[in-house]
Amino acid sequence: MSYKDEKLSEEKVFKDPVHRYVHVKDRVIWDLIAAPEFQRLRRVKQLGTTNLTFHGAEHSRFNHSLGVYEIVRRIINNFQDRPHWNEDERLLCLCAALLHDLGHGPFSHSFEKVFKLDHEYFTQQIVIGDTKINEILERVSTGFSQNVADVIAKTYEDKLVVSLISSQIDADRMDYLQRDAYFTGVSYGHFDMERILRVMRPIDDQVVIKSTGMHAVEDYIMSRYQMYWQVYFHPVTRSAEVILSKILHRAKYLYETKEFTFKLKPTHFVSFFEGEVDLKAYLKLDEMIVHYYFQLWQEEDDEILCDLCERFMNRRLFKYVEFNPNLQMDDWLELYKLFQQAAIDPDYYLVVDSSSDLPYDFYRPGEEEERLPINLLMPDGSLKELSRHSDIVEAISGKKRTDHKLYFPKDRLNELKDETLKKRIKEILYAQGAKEDVE
């Protein structure tokens with residue numbers, strides 16, 4: 001029997017709080033899970049700094065990746081013997097689902113922004129590079145690893161396969177919404193996934209939904225909308241992300257000046273600071289390592305780095321007020337100067353942070369980041385775009401919501417000796433009617 005078709009002597013299961021069980025029968029999948037590059041995901045949290053807001057959010061990318069694999073496995077089981085489904089793509093779908101987040105670094109998106117990295121690029125490099133993951137995939141067949149990388153990059157020729165992993169109603173979103181809701185303790189992310197899986201159908205190059213399942217999809221989209229604004233964009237979580245970002249910026253700046261000497265050389269960060277990150281260095285860095293350095297940097301001689309690390313490690317976060325940079329730029333410029341006068345470096349302690357989300361979009365060809373729509377399969381066999389049939393979805397389609405906050409260290413302001421300076425800063429900050437004790 002070829003490696004591609006090899007099965008375990010008995011099915012293995014992972015007990016899972018969201019899906020009850022994750023089932024593994026294929027030898028390839030079992031070997032991929034055991035690979036060090038996949039085990040590394042145990043040391044990368046799924047929600048970055050969200051555990052500083054919702055203390056239960058300690059789950060990892062490892063948990064999520066298994067969940068996405070399990071959902072795709074169930075979808076494929078439902079697709080068997082249906083028209084348009086190619087059973088030869090089964091293992092490819094399972095591998096891509098399992099490995100889709102392989103390249104996430106510590107604190108994921110915040111880390112990427114500082115060092116101008118792309119986790120999808122590193123995912124592909126792990127899949128096709130000199131890794132155990134690549135060795136396993138190439139045992140399936142020559143070039144199989146490239147096929148997996150192409151699915152993750154959304155360039156694979158069979159778009160039906162891609163849509164299972166990446167679309168507006170894919171296994172990735174269906175897992176993280178439920179998983180994140182479970183671990184944060186909120187109710188927003190729950191929807192009837194079993195119903196959605198039952199009404200999914202493969203049609204040509206996409207997955208469609210039987211029209212009888214429209215209400216389950218409406219619930220899914222509204223769950224996503226609520227999760228983004230109540231959990232993912234929570235202002236306290238964003239405060240922690242602001243501080244995290246500023247720590248990394250400060251450490252990078254100190255390294256680049258060559259005039260500052262760290263008490264312990266930040267070996268794991270050097271390639272990131274120098275902008276020459278290779279795969280080996282990337283895989284060595286996880287959140288345990290980052291926390292280790294943050295712990296050490298609390299004792300560094302640089303006052304800003306020391307303070308920011310102490311804030312992050314002990315959850316002394318910045319406060320915030322509503323702030324619209326389009327309308328209040330003059331206020332920000334004055335605040336910038338006032339912070340300088342107060343000897344509070346505004347580059348690190350006065351930060352505008354913006355979040356935006358588009359809960360659902362219909363197909364608009366030619367636009368950047370085209371979003372393929374969710375199509376309903378009508379009783380007569382025709383396809384109808386979801387927002388044309390659902391009043392609920394139509395109401396939010398194409399509507400991008402953006403939220404701006406201004407973050408600052410309230411404790412530092414309260415310590416100011418110059419009462420005139422302190423008063424003027426607070427007048428500007430709270431001019432919009434925000435309460436001074438806002439969390």
[X]: which residues meet the side-chain hydrogen bond (donor to acceptor under 3.5 Å, both in side chains) condition with it, sequence neighbours left out?
X	result
His234	none
Thr155	none
His55	none
Tyr282	none

Over-ring placement of Arg412 relative to Tyr349, 6.0 Å and 45° cut-offs: yes
Taking everything shown except [X] itself, do over 12 heavy atoms lie less than 6.0 Å from its [atom1]?
X	atom1	value
Lys25	NZ	yes
Lys116	NZ	no
Lys417	NZ	no

If we count only N and O atoms by modelled type, under 3.5 Å, do the side chains of [X] and [Y] hold a donor and an acceptor together?
X	Y	value
Glu11	His23	yes
Asp175	His19	yes
Asn63	Gln46	no
Asp172	His64	yes

With a cut-off of 3.5 Å and sequence neighbours excluded, list every side-chain donor-acceptor pair involving residues 274-281.
{"unit_1": "Glu274", "atom_1": "OE2", "unit_2": "Tyr255", "atom_2": "OH", "d": "2.6"}
{"unit_1": "Asp278", "atom_1": "OD1", "unit_2": "Lys280", "atom_2": "N", "d": "3.4"}
{"unit_1": "Asp278", "atom_1": "OD1", "unit_2": "Ala281", "atom_2": "N", "d": "2.8"}

Lys246/Asp345 ion pair, N-O < 4.0 Å: no
Pair Glu70 + Arg73: basic N to acidic O under 4.0 Å: yes
Residue pairs, two or more places apart or on separate chains, that pass salt bridge (Lys or Arg N to Asp or Glu O under 4.0 Å) and touch residues 290-310: Arg250-Asp302, Lys263-Asp301, Asp307-Arg311, Asp307-Arg316, Glu310-Arg316
Listed once per pair and sorted, the salt bridge (Lys or Arg N to Asp or Glu O under 4.0 Å) pairs that draw on residues 332-343, sequence neighbours left out: Glu334-Arg424
Full working for side chain to side chain contact (heavy atoms under 4.5 Å, CB included) between Met214 and Ile209: CA-CA 7 Å; Met214 182 186 74; Ile209 306 293; over 6 Å; no
All ring pair (Phe, Tyr, Trp, His ring centres under 6.0 Å) counterparts of Tyr228, not counting sequence neighbours: Tyr232, Phe233
Set of ring pair (Phe, Tyr, Trp, His ring centres under 6.0 Å) partners for Tyr336, sequence neighbours left out: Trp332
Could you tabulate the donor-acceptor pairs under 3.5 Å formed by side-chain atoms of residues 187-197, not counting sequence neighbours?
{"unit_1": "Asp192", "atom_1": "OD1", "unit_2": "Arg195", "atom_2": "N", "d": "3.1"}
{"unit_1": "Glu194", "atom_1": "OE2", "unit_2": "Arg74", "atom_2": "NH1", "d": "3.1"}
{"unit_1": "Arg195", "atom_1": "NH2", "unit_2": "Thr212", "atom_2": "O", "d": "3.2"}

Is there a donor-acceptor pair closer than 3.5 Å between any side-chain N or O of [X] and the backbone N or O of [Y]?
X	Y	value
Glu241	Thr49	no
Glu287	Lys45	yes
Ser239	Phe318	yes
Ser65	Arg61	yes

Verdict with supporting geometry, Val24 and Val13, side chain to side chain contact (heavy atoms under 4.5 Å, CB included): CA-CA 6 Å; Val24 179; Val13 294; over 6 Å; no
Worked verdict on His119 versus Phe111 for side chain to side chain contact (heavy atoms under 4.5 Å, CB included): CA-CA 10 Å; His119 72 271; Phe111 198 83; over 6 Å; no
Listed once per pair and sorted, the side chain to side chain donor-acceptor pair (under 3.5 Å) pairs that draw on residues 29-43, sequence neighbours left out: Tyr3-Asp31, Gln39-Arg42, Arg43-Asp286
Pairwise side chain to side chain donor-acceptor pair (under 3.5 Å) hits with a residue in residues 121-136, at least two apart: Lys132-Glu135, Asn134-Ser145
Geometric class of the Phe62/Phe14 ring pair [parallel <30°, tilted 30-60°, perpendicular >60°]: perpendicular
